[in-house]
Amino acid sequence: MKILIVLSLVLIATHSVETLAQLPDLSKKEDLKALGVGRIIIKDHSILKNIMLYEVKDYWITYVKNGSIHDLLTEKIERVEFSESKWGPIKLEFPDGKPRISTMLNQ
């Protein structure tokens, strides 16, 4: 029984490491494009829908909406969500102004 528990924990840990290794690289334009269409939830609780990320930097992002490029300081963003990316549901948050990416399944 102990062996089954240990093996289960090892499999879970391995899966978590593989998932992290498979998350998009926010410095690559092709990975940003592969995120698809998402939404930005602003800290004032407004939502910008149908956006595509163009660039992610420390302290700001650049996104495309309706064919126009816009930028936004990360201090104003609660999170950015992509529900149908090739990596599955992805969430970007910005603690201390820097991007942190995770799956929305790991909430």
Side-chain angles (χ1 to χ4, degrees):
M1 185 66 168
K2 289 181 182 180
I3 293 174
L4 284 175
I5 293 172
V6 170
L7 286 175
S8 297
L9 291 174
V10 168
L11 286 173
I12 290 170
T14 303
H15 177 68
S16 296
V17 169
E18 288 174 3
T19 301
L20 287 175
Q22 294 175 4
L23 289 175
D25 181 348
L26 299 177
S27 65
K28 294 182 178 178
K29 297 275 188 199
E30 55 272 5
D31 281 5
L32 293 177
K33 189 173 184 178
L35 285 170
V37 177
R39 64 186 189 161
I40 301 171
I41 293 85
I42 309 292
K43 286 185 178 174
D44 70 2
H45 303 292
S46 60
I47 299 174
L48 299 171
K49 297 179 180 180
N50 301 316
I51 63 96
M52 292 185 74
L53 283 181
Y54 183 76
E55 185 177 44
V56 177
K57 299 287 186 184
D58 291 350
Y59 309 111
W60 83 86
I61 66 167
T62 308
Y63 64 94
V64 178
K65 181 167 176 70
N66 297 328
S68 297
I69 296 177
H70 306 273
D71 60 354
L72 186 61
L73 293 173
T74 57
E75 68 186 25
K76 297 182 178 195
I77 300 171
E78 184 174 323
R79 67 185 178 278
V80 182
E81 298 177 345
F82 297 92
S83 60
E84 297 181 10
S85 78
K86 83 175 202 179
W87 299 273
I90 295 287
K91 172 176 63 173
L92 284 161
E93 295 175 297
F94 302 92
D96 301 320
K98 298 183 180 182
R100 183 182 70 203
I101 190 164
S102 62
T103 63
M104 289 197 290
L105 303 175
N106 296 337
Q107 294 188 25

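We're numbering straight along the sequence, starting at 1.
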Residue pairs, two or more places apart or on separate chains, that pass salt bridge (Lys or Arg N to Asp or Glu O under 4.0 Å) and touch residues 53-64 | E55-K57
By ring-ring contact (aromatic ring centres under 6.0 Å, His included), which residues pair with F94, not counting sequence neighbours?
-> none
Count the heavy atoms belonging to other residues, nucleotides or ligands that lie under 6.0 Å from CH2 of W60, then report whether that count exceeds 12.
-> no
Is there a path from I51 to L72 through hydrophobic residues (I, L, V, M, F, W, Y) whose side chains come within less than 4.5 Å of each other?
-> yes
Are P24 and I101 side-chain neighbours, meaning at least one heavy-atom pair lies under 4.5 Å?
-> yes
Atom pair CD/CD of E93 and E78 - distance to nearest 0.5 Å | 8.0 Å
Kindly check if the number of other-residue, nucleotide or ligand heavy atoms within 6.0 Å of NZ (K76) is above 12?
-> no
Are side-chain heavy atoms of T103 and L23 found at a separation under 4.5 Å?
-> yes
Verdict with supporting geometry, I61 and L92, side chain to side chain contact (heavy atoms under 4.5 Å, CB included) | CA-CA 11 Å; I61 66 167; L92 284 161; over 6 Å; no
Minimum side-chain heavy-atom gap V80-Y63 below 4.5 Å | no
Review item, side-chain donor-acceptor pairs of residues 28-44, under 3.5 Å, at least two apart:
residue: K29; atom: NZ; partner: Y54; partner atom: O; Å: 3.0
residue: D31; atom: OD2; partner: D25; partner atom: N; Å: 2.7
residue: R39; atom: NE; partner: E81; partner atom: OE1; Å: 2.8
residue: R39; atom: NH2; partner: E81; partner atom: OE1; Å: 2.8
residue: K43; atom: NZ; partner: E75; partner atom: O; Å: 3.2
residue: D44; atom: OD1; partner: S46; partner atom: N; Å: 2.9
residue: D44; atom: OD1; partner: S46; partner atom: OG; Å: 2.6

What about V64 and I90, same hydrophobic cluster or not, with Ile/Leu/Val/Met/Phe/Trp/Tyr joined at side-chain heavy-atom distances under 4.5 Å?
-> no
Do the non-hydrogen side-chain atoms of F82 and K91 ever get within less than 4.5 Å of each other?
-> no
